[in-house]
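Report on one structure; see the data block that follows.
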Protein chains: 2
Amino acid sequence: MAKIPAEAVERLHSQGYKLTKPRQAILAWFFAEQTMITAQELYRALVQRKAGVGLTSVYRNLEVLVEVGLLRQVCFHDGCQRFELVQPGEHQHHLICSGCGRVIKFSGCPLAKLERDLETTTGFTVDRHSLQIFGRCRQCQEESTLGNRSI
Amino acid sequence: MAKIPAEAVERLHSQGYKLTKPRQAILAWFFAEQTMITAQELYRALVQRKAGVGLTSVYRNLEVLVEVGLLRQVCFHDGCQRFELVQPGEHQHHLICSGCGRVIKFSGCPLAKLERDLETTTGFTVDRHSLQIFGRCRQCQEESTLGNRSI
DNA sequence: ACCTAACTGAAAGTCATTTTCAGTTAGGTT
DNA sequence: AACCTAACTGAAAATGACTTTCAGTTAGGT
């Protein structure tokens with residue numbers, strides 16, 4: 001099984017969580033793949049790798065890993081909840097193709113000023129935001145010209 | 001039953017949809033309440049109003065109304081799909097309190113430039129985005145100081 | 001009044017997610 | 001190294017949002 005960065009293990013221990021086999025398998029998957037995945041897809045991927053992890057544990061541990069801040073949950077337009085590694089210090093969003101589902105990450109989020117303004121006008125304390133941009137990648141633009149099916 | 005604006009009816013007819021009783025009840029709810037709601041909540045609200053609308057029809061018609069552009073579907077951080085009226089010509093986002101669920105709408109979305117940049121750098125055609133900002137309203141900030149429960 | 005494609009509700013089905021529960025284990029303590 | 005126990009596990013059952021099916025019903029054009 002792949003190595004888990006010491007800071008990640010420390011993060012778990014410091015909040016009273018153990019580094020169990022399922023937890024290890026799940027983290028290993030994210031560190032190896034560096035991409036987004038749903039709970040169901042992750043479960044299937046782990047079964048294929050013979051990681052011996054139950055579906056229940058996948059759900060429970062994704063929740064724990066979000067809680068300790070190692071993962072982030074992103075809600076897609078289709079209602080799917082996907083999970084991804086939180087890259088330390090990095091602030092990223094996604095450009096998603098509604099034709100093929102391809103995801104392009106980008107940084108350079110222009111929302112900081114807006115959030116400051118909202119805090120002063122509304123009295124809220126802002127602590128996070130969710131932004132996804134939807135469109136069609138070049139390939140899917142061509143396909144739809146040819147009259148093909150899409151999501 | 002409340003009156004439905006003629007443009008809304010026209011919008012349905014022009015796309016081959018009829019103004020049925022369930023459709024009318026659902027639109028009436030949105031025009032009266034001017035707020036967001038989930039499919040389940042809307043069903044319960046309509047039952048309470050004795051609108052005589054089945055759950056199946058609620059789901060089917062929310063889908064139709066989104067398709068013709070009268071409603072918009074917003075995915076919340078908790079995974080809930082909520083629906084709201086599309087205000088003609090208006091571009092709005094939401095500031096959501098994770099303590100009490102209160103929603104504040106705001107306009108003044110600073111994403112147009114970002115989207116243009118993304119189009120040139122990635123070759124995507126951008127056609128919509130989803131943005132929600134989460135925080136705590138003044139009231140819930142006070143409550144959590146007092147050690148109360150929250151979402 | 002008639003016609004018919006669009007539509008309806010009830011019931012059954014699907015599928016992601018959560019809960020329950022009887023054991024198991026990580027990892028600190030003696 | 002054996003021990004302790006709260007954290008954890010997987011299987012099975014339960015939940016709950018949403019979809020499909022189907023036998024009728026209706027809006028609205030002719």
Side-chain angles (χ1 to χ4, degrees), chain A residues 1 4 6 8-28 36-47 49-68 70-71 73-83 151, chain B residues 1 4 6 8-28 36-47 49-68 70-71 73-83 151:
Chain A
M1 187 166 304
I4 311 297
V9 179
E10 174 50 31
R11 182 81 71 104
L12 281 169
H13 284 170
S14 70
Q15 305 200 215
Y17 293 111
K18 298 173 177 177
L19 182 63
T20 61
K21 193 158 49 102
R23 221 102 91 184
Q24 204 163 333
I26 289 171
L27 279 174
M36 313 180 86
I37 195 166
T38 65
Q40 295 284 338
E41 287 163 357
L42 178 56
Y43 171 67
R44 280 175 233 128
L46 294 178
V47 165
R49 293 188 177 193
K50 310 212 186 314
V53 175
L55 179 59
T56 315
S57 293
V58 170
Y59 277 101
R60 267 190 301 229
N61 285 314
L62 286 173
E63 194 184 336
V64 166
L65 295 173
V66 167
E67 191 192 321
V68 302
L70 290 170
L71 298 183
Q73 193 169 359
V74 178
C75 176
F76 268 46
H77 188 257
D78 61 4
C80 267
Q81 301 289 334
R82 288 169 184 276
F83 297 83
I151 291 176
Chain B
M1 185 165 307
I4 311 296
V9 179
E10 174 50 30
R11 182 82 70 105
L12 281 169
H13 285 170
S14 69
Q15 304 200 217
Y17 293 110
K18 297 175 178 176
L19 180 64
T20 61
K21 192 158 51 102
R23 220 102 92 184
Q24 204 164 333
I26 290 171
L27 279 174
M36 312 181 86
I37 195 166
T38 66
Q40 296 285 337
E41 288 163 356
L42 178 56
Y43 171 67
R44 279 175 234 127
L46 294 179
V47 165
R49 293 189 178 193
K50 312 211 186 315
V53 176
L55 179 59
T56 315
S57 292
V58 169
Y59 277 101
R60 267 188 302 227
N61 285 315
L62 287 172
E63 194 185 333
V64 166
L65 294 173
V66 167
E67 192 193 320
V68 301
L70 289 171
L71 297 184
Q73 192 169 359
V74 177
C75 176
F76 267 46
H77 188 256
D78 61 3
C80 267
Q81 302 288 335
R82 288 168 183 277
F83 297 82
I151 291 177

Show me the side-chain donor-acceptor pairs of residues 37-45 of chain B shorter than 3.5 Å, one per line, residues at least two apart or across chains.
from	atom 1	to	atom 2	distance (Å)
B:T38	OG1	B:E41	N	3.1
B:T38	OG1	B:E41	OE1	3.3
B:Q40	NE2	B:Y59	OH	2.8
B:E41	OE1	B:T38	N	3.0
B:E41	OE1	B:R82	NH1	3.3

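Scanning for side chain to side chain donor-acceptor pair (under 3.5 Å) contacts around A:E67 gives A:Y17, with sequence neighbours left out. When the salt bridge (charged side-chain N to carboxylate O under 4.0 Å, His left out) test is applied to A:R11, no partner is found at least two apart in sequence or on another chain.
Following rounding to the nearest Å, B:Q15 (CD) and C:dA6 (C1') show an atom-to-atom distance of 14 Å. D:dA7 atom P lies 14 Å from atom CG of A:N61, rounded to whole Å. Look at CG on A:L42: it is 14 Å from P on C:dA16, rounded to the nearest Å. As rounded to whole Å, 13 Å separates atom C1' of D:dT9 from atom OH of A:Y43.
Counting heavy atoms of neighbouring residues, nucleotides and ligands inside a 6.0 Å radius, atom CD of B:E63 does not exceed 12 of them.
B:I26 and B:V58 get closest at one heavy-atom pair: CD1-CA, 3.9 Å. Here the closest heavy-atom approach between residue B:A25 and residue B:L46 is recorded as O-CD2, 3.9 Å. Taking each heavy atom of A:N61 and A:P22 in turn, the nearest pair found is ND2-CB, 3.7 Å. Here the shortest heavy-atom pairing between A:Q81 and A:Q73 reads OE1-NE2, 3.1 Å. The two residues A:L19 and A:H13 come nearest to each other via the heavy atoms N-NE2, 3.9 Å.
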Polar-atom pairs under 3.5 Å, protein N or O versus N or O of nucleotides 24-30 of chain C: list them with distances, or write none.
from	atom 1	to	atom 2	distance (Å)
C:dA26	N3	A:K18	NZ	2.9
C:dG27	OP1	A:H13	NE2	2.5
C:dG27	OP1	A:L19	N	2.8

Please produce a list of atom pairs where a protein N or O lies less than 3.5 Å from an N or O of nucleotides 16-22 of chain D.
from	atom 1	to	atom 2	distance (Å)
D:dC18	OP2	B:Y59	OH	2.7
D:dC18	O5'	B:Y59	OH	3.3

With both pairing distances under 3.5 angstrom for Watson-Crick or G-U wobble, and | for a partner in another strand, the correct string for DNA chain D is ||||||||||||||||||||||||||||||
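Under the 4.5 Å side-chain criterion, counting only non-hydrogen atoms from C-beta, A:V47 is not in contact with A:L55.
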